[in-house]
Amino acid sequence: MSQIARALTIAGSDSGGGAGIQADLKTFQELGVFGMSAITAVTVQNTLGVSNVYPLPPEAAAEQIDAVGSDLGVDALKTGMLFSAEIIGAVAAQIRAFGWNRVVVDPVMIAKGGASLLQTEAVQALRSQLLPLAYIVTPNLPEAEVLSGLSIRSMEDRREAAKRICAYGAQQVVIKGGHDAAAGEQVVDLYYDGATFSELVERRIPTSQTHGTGCTFSAALTAELAKGTPAFEAVRTARAFIQAAIEHELGLGQGHGPTNHFAYRRLQGASR
Ligand SMILES: Nc1ncnc2c1ncn2[C@@H]1O[C@H](COP(=O)(O)OP(=O)(O)O)[C@@H](O)[C@H]1O
Ligand SMILES: Cc1ncc(COP(=O)(O)O)c(N)n1
């Protein structure tokens, strides 16, 4: 029997189930991958926002990663909310110790409602300790500005930001375009593999039900990498997964509702 692909998420818990660890595990499951988790922080959260954050001690993250890495094994992993420089240091040390290289870094900084999920003083640790370990890093536009130190107004700026982020050691980058209000009816994600740029253009879905889009996208990417899918093909599958999840919104909650993690697989099934 061939072994099932295994993916690990190192991230924060979202009690509302739309982002964080919960979104990641749902996405892994939908893509047929065995999901595991190391929780860095517990957020008290629903579609209206984050009302509290309880970070766990850095050793808790390190021990969870060690427990799964030394027993079950990990084919690919993603990082999401890491909260502090100390947690980033502990996570980076484990990734290095295990020698994992299919590493997706989603540099989560601020929740859609404005709550901070990464302390300001931790940005430098993210840049210097985690980017060099990243196979693919997936910032949204504000995160790309913080990581690159550039103000991004045009696609040319975005390309320059991608180059700078790779100069910090990330092998590939996807700068996501969800926050680009000027893009009109389209949403454009920019992929850079260290040499060549590709633009992934999709229809912008007019909705406020986008809680957890970034988490879901990076989890789908991680699931595909765990299966051994080549990087750009994995990015395209992740893009299709999140497009379906946004398009078939569930209408839950009173604020920024979660995306529909079931949609992609149901559509795949229907087209067979
Ligand atoms: N309204 C939308 N319609 C279609 N795709 C979207 C929309 N908003 C975000 N996306 C896609 O969802 C993914 C996450 O994007 P983004 O919202 O920029 O990141 P984050 O959730 O990290 O802030 C990207 O692939 C982006 O293109
Ligand atoms: C625990 C946790 N992690 C990440 C996010 C970011 O969510 P988004 O994917 O919408 O940027 C979140 N709101 N909560």
Side-chain angles (χ1 to χ4, degrees), residues 9-27 37 39-56 78-83 87 104-118 136-147 152 158 174-181 183-191 199-221 234-249 253 255-261 263-264:
T9 170
I10 305 169
S13 164
D14 168 13
S15 49
I21 290 280
Q22 288 78 359
D24 295 344
L25 291 176
K26 291 173 194 184
T27 304
S37 65
I39 298 182
T40 57
V42 173
T43 69
V44 180
Q45 186 170 186
N46 59 23
T47 65
L48 297 170
V50 177
S51 55
N52 218 340
V53 174
Y54 295 94
L56 294 183
K78 65 158 277 189
T79 64
M81 172 187 181
L82 297 174
F83 193 69
I87 296 177
V104 174
V105 173
D106 184 9
V108 172
M109 295 182 188
I110 298 174
K112 297 233 157 61
S116 175
L117 303 178
L118 181 75
I136 310 184
V137 54
T138 62
N140 62 24
L141 281 170
E143 291 157 356
E145 288 189 328
V146 170
L147 291 176
I152 302 176
R158 232 198 269 191
V174 181
I175 302 186
K176 301 167 295 183
H179 294 247
D180 184 4
E185 304 206 330
Q186 290 183 338
V187 50
V188 183
D189 291 355
L190 179 69
Y191 170 74
E199 291 179 16
L200 293 100
V201 183
E202 282 283 355
R203 183 176 78 84
R204 180 176 292 274
I205 300 155
T207 178
S208 61
Q209 312 291 289
T210 53
H211 175 62
T213 50
C215 302
T216 302
F217 173 78
S218 56
L221 179 55
V235 170
R236 281 192 296 158
T237 300
R239 188 63 193 84
F241 189 98
I242 191 60
Q243 187 75 7
I246 299 171
E247 193 148 24
H248 300 268
E249 61 185 41
H256 286 291
T259 69
N260 182 347
H261 295 100
Y264 178 78

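Both ligands and their constituent atoms are indexed starting at 1 by order of listing.
- In terms of N/O distances under 3.5 Å, ligand 1 is approached by K112.
- Of the heavy atoms in L200, none comes closer than 4.0 Å to ligand 1.
- Backbone and side-chain nitrogen or oxygen atoms of R239 are examined, and one is located within less than 3.5 angstrom of a nitrogen or oxygen of ligand 1.
- Scored by the salt bridge (Lys or Arg N to Asp or Glu O under 4.0 Å) test, E199 finds R159 as partners (sequence neighbours excluded).
- Atom 9 (C) of ligand 1 has G178 CA, 3.7 Å as its closest protein atom, hydrogens excluded (heavy atom only).
- Taking only nitrogen or oxygen atoms, main chain and side chain alike, K176 reaches within less than 3.5 Å of ligand 1.
- Scanning all heavy atoms of the two residues, the minimum distance from Q186 to R204 falls at O-NE, 3.4 Å.
- Here the closest non-hydrogen pair linking Q22 and G12 is OE1-O, 4.4 Å.
- Counting only heavy atoms of the protein, atom 23 (O) of ligand 1 lies nearest to H179 NE2, 2.6 Å.
- T9 and K78 share no donor-acceptor pair across their side chains, judged by distance under 3.5 Å alone.
- Using modelled atom types, one finds no donor on one side chain facing an acceptor on the other under 3.5 Å when comparing Q209 with T259.
- Proximity of R203 to ligand 1 is established by a heavy-atom distance of less than 4.0 Å.
- Proximity to Q243 (heavy-atom distance under 4.0 Å) selects the following atoms of ligand 1: 4 (C), 5 (N).
- By the 4.0 Å heavy-atom criterion, E202 is excluded from the residues contacting ligand 1.
- Of the polar atoms of T213, at least one N or O is found under 3.5 Å from an N or O of ligand 1, judged by distance alone.
- Closest non-hydrogen pair, H211 versus H256, comes out as CB-O, 3.0 Å.
- Taking only nitrogen or oxygen atoms, main chain and side chain alike, F217 does not reach within less than 3.5 Å of ligand 1.
- Assignment of G212 to the shell around ligand 2 is supported, since a heavy atom sits closer than 4.0 Å.
- In this model, no donor atom of one side chain and acceptor atom of the other lie less than 3.5 Å apart for D189 and Y191.
- Note: no N/O pair closer than 3.5 Å links I242 and ligand 1 by distance alone.
- At a 3.5 angstrom cut-off on N or O pairs, K112 counts as close to ligand 2.
- Taking a 4.0 Å cut-off on heavy atoms, V187 registers as neighbouring ligand 1.
- Ranking protein heavy atoms by distance to atom 13 (N) of ligand 2, first place goes to Q45 OE1, 2.8 Å.
- Of all atoms in ligand 2, numbered sequentially from 1 with element shown, those under 4.0 Å from a heavy atom of G214 are 9 (O).
- Of all atoms in ligand 2, listed by their number and element, those nearer than 4.0 Å to a heavy atom of A19 are 5 (C), 7 (O), 12 (C), 13 (N), 14 (N).
- The closest protein non-hydrogen atom to atom 5 (C) of ligand 2 is L117 CD1, 3.5 Å.
- When only interatomic distances are considered, the shortest N/O to N/O separation between H211 and ligand 2 does not fall below 3.5 Å.
- Within ligand 1, the atoms closer than 4.0 Å to a non-hydrogen atom of R204 are 1 (N), 3 (N), numbered from 1 in the order shown.
- Closest protein heavy atom to atom 10 (N) of ligand 1: I246 CD1, 3.6 Å.
- Ligand 1 has an N or O atom lying under 3.5 Å from an N or O atom of D189, backbone or side chain.
- The nearest protein atom to atom 1 (N) of ligand 1, hydrogens excluded, is given as I205 O, 2.9 Å; this is a heavy-atom distance.
- Closest to atom 1 (C) of ligand 2, if we only count protein heavy atoms, is G12 O, 3.4 Å.
- Checked against a 3.5 angstrom limit, the closest N/O atoms of V50 and ligand 2 fall outside it.
- To the nearest 0.5 angstrom, I39 atom CD1 is 11.5 Å from M81 atom CE.
- Salt-bridge annotation for D106 and K176: present, with a side-chain N of the basic residue lying under 4.0 Å from a carboxylate O of the acidic one.
- How far OG of S37 is from CD1 of I10: 10.0 Å, rounded to the nearest 0.5 Å.
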